[in-house]
Amino acid sequence: MTASAATLSWTAASAGTNAISGYQVFQVGSPDTVVASTNASTLTTTVSGLTASTQYGFYVKAKDSAGTLGAASATTTVTTAAASAVATVAYAVQSDWGSGFSASVTITNTGSTAINGWTLAFAFPGNQQVGGGWNANWSQSGHTVTATNQGFNGTIAPGASIQVGFTGTYSGSNAKPTAFTVNGQPAAIG
C-alpha cells in the first residue's frame with residue numbers, strides 16, 4: 001500500500017471446461033468497474049491513481065478461453081496510506097505591535113520533483129485577519145487563509161525554498177496556525 005496505489009495478488013482459479021485465459025480485477029463502486037486485466041499466469045497487479053487515506057474494495061474474476069467470467073472472489077478491503085508531506089512550511093511572526101503583526105511563511109520542497117504552481121492554506125486559531133501581503137496572492141475566508149504563487153515564484157525545485165509574507169490585524173491572542181497544506185497535501189511544520 002502507498003498513498004496512491006495498492007498491489008493486489010490472488011491464487012490461481014481452477015479451470016472448468018475451458019482453460020483460464022486471464023483475470024479481471026474489479027473496484028467496488030456504483031457501478032463496479034474493471035481496473036486491471038491480466039493473463040492467466042499473472043496473479044498480481046498494482047492499481048494506481050487512488051486517493052490517500054481512503055478505503056477501497058476489490059475483487060477478482062477469472063476469465064476462460066471462451067470469454068466467460070467466473071464467480072467473483074471475496075472482496076478485499078484496503079485503506080491507502082496517508083499522504084507523505086511534499087513540503088515543509090515554517091511560519092514566523094516578524095513583528096507584533098499589539099493589534100497588528102507581520103509574518104513570513106517559508107515553503108520548502110522536500111519532494112523529489114519540482115512543485116509547479118502552488119497553493120498554501122492554513123487556518124488562524126484566533127481572529128487574525130490578513131491585510132496586504134508579498135510574493136503571493138493572499139485571500140481569507142473566515143479563519144482559512146489561502147496564498148497562491150505569483151508568476152515569478154510558481155516553481156519550487158526539489159530542496160529549494162521560497163518565502164512569502166503578509167501583514168495582519170488581531171485582538172486578543174495572536175497564536176500561530178498549527179497545520180498547513182501545500183496543493184491540498186498536508187505539509188510538515190518546519
Side-chain angles (χ1 to χ4, degrees), residues 1-8 27-29 33 35 46-58 77-190:
M1 294 301 308
T2 68
S4 62
T7 299
L8 307 168
Q27 181 177 324
V28 176
T33 55
V35 292
T46 298
V47 180
S48 58
L50 305 178
T51 302
S53 301
T54 303
Q55 188 176 74
Y56 292 91
F58 299 98
T77 302
V78 298
T79 300
T80 50
S84 58
V86 296
T88 298
V89 174
Y91 178 96
V93 173
Q94 301 298 314
S95 180
D96 190 324
W97 52 93
S99 60
F101 67 105
S102 65
S104 66
V105 183
T106 303
I107 304 169
T108 302
N109 180 352
T110 57
S112 58
T113 59
I115 296 172
N116 293 308
W118 53 264
T119 299
L120 167 72
F122 60 89
F124 280 127
N127 63 0
Q128 298 98 324
Q129 291 292 315
V130 170
W134 54 92
N135 294 344
N137 302 306
W138 293 93
S139 63
Q140 184 171 354
S141 175
H143 291 277
T144 303
V145 175
T146 304
T148 58
N149 64 272
Q150 293 186 335
F152 67 90
N153 65 358
T155 299
I156 310 172
S161 299
I162 61 158
Q163 190 174 76
V164 298
F166 62 91
T167 58
T169 60
Y170 72 98
S171 62
S173 172
N174 188 19
K176 294 180 180 181
T178 58
F180 301 88
T181 62
V182 175
N183 290 346
Q185 298 296 318
I189 297 177

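Note that this is a predicted model, so its numbers are computed, not measured. Residue numbers run from 1 in the order of the sequence given.
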Apply side-chain contact (heavy atoms from CB on, under 4.5 Å) to Val47 and Leu8, showing your working. CA-CA 8 Å; Val47 180; Leu8 307 168; 4.0 Å; yes
Is there side-chain contact between Phe101 and Ser95, with heavy atoms separated by less than 4.5 Å? no
Nearest-0.5 Å distance that lies between atom CD1 in Ile156 and atom CG in Asn109: 6.5 Å
Partner set under side-chain contact (heavy atoms from CB on, under 4.5 Å) for Ala114, not counting sequence neighbours: Asn116, Thr155, Pro158
Just wondering, do Val28 and Phe58 contact through their side chains at under 4.5 Å, heavy atoms? no
Can you check whether Gln128's main-chain N or O pairs, donor with acceptor, with Gln140's side chain at less than 3.5 Å? yes
Return yes if a side-chain donor-acceptor contact under 3.5 Å exists between Thr46 and Thr7, otherwise no. yes
Flag, side chain of Thr169 to backbone of Gly100, donor-acceptor distance under 3.5 Å: no
To the nearest 0.5 angstrom, please state how far the CG atom of Asn137 sits from the CG atom of Asn149. 7.5 Å
Applying side-chain contact (heavy atoms from CB on, under 4.5 Å), name anything that partners Ser141, two or more places apart in sequence or on another chain. none
Counting distance only, does the side-chain N/O of Thr54 pair as donor-acceptor with the main-chain N or O of Ala52 below 3.5 Å? yes
Distance only, no hydrogens: is a donor on one side chain within 3.5 Å (strictly under) of an acceptor on the other, for Ser161 and Thr108? yes
Those residues that, when tested against Ser171, pass side chain to side chain donor-acceptor pair (under 3.5 Å) (two or more places apart): Asn127
Go through the structure and list residues passing side-chain contact (heavy atoms from CB on, under 4.5 Å) with Thr167, not counting sequence neighbours. Ser102, Trp134
Closest non-hydrogen atoms of Ala6 and Val78, given as atom of the first, atom of the second and distance, are CB-CG2, 4.4 Å
Can you list the residues that meet the side-chain contact (heavy atoms from CB on, under 4.5 Å) rule with Ala136, with sequence neighbours excluded? Trp118, Trp138, Ala147, Val164
Any chance you could measure Tyr56, atom OH, to Leu50, atom CG, to the nearest 0.5 Å? 4.5 Å
Would you confirm whether Thr80, through its side chain, and Thr51, through its main-chain N or O, come within 3.5 Å as a donor-acceptor pair? yes
State, yes or no, whether a side-chain contact exists between Leu120 and Val89 at a heavy-atom distance under 4.5 Å. yes
Looking at residues at least two apart in the chain, or sitting in another chain, which of them share a side chain to side chain donor-acceptor pair (under 3.5 Å) with Gln163? Thr106
Under the side chain to side chain donor-acceptor pair (under 3.5 Å) rule, collect the residues that match up with Tyr170, sequence neighbours excluded. Asp96
Short question: side chain of His143, backbone of Phe124 - any donor-acceptor pair under 3.5 Å? yes
Interatomic spacing from CD1 in Ile189 to OG1 in Thr88 - rounded to 0.5 Å: 10.0 Å
If every non-hydrogen atom of Ala87 is compared with every non-hydrogen atom of Val182, which pair is closest and at what distance? CB-CG2, 3.9 Å
Once side chain to side chain donor-acceptor pair (under 3.5 Å) is applied, do any residues pair with Ser139, and if so which ones, sequence neighbours excluded? none
Any donor-acceptor pair under 3.5 Å linking the side chain of Ser104 with the backbone of Gly165? no
Rounded to the nearest 0.5 Å, what separation is found between the CH2 atom of Trp97 and the CG atom of Asn174? 9.5 Å
About how many Å separate CD1 of Ile162 and CZ of Phe152, when rounded to the nearest 0.5 Å? 8.0 Å
Parallel, tilted or perpendicular: which one describes the rings of Phe166 and Tyr91, with boundaries at 30° and 60°? tilted
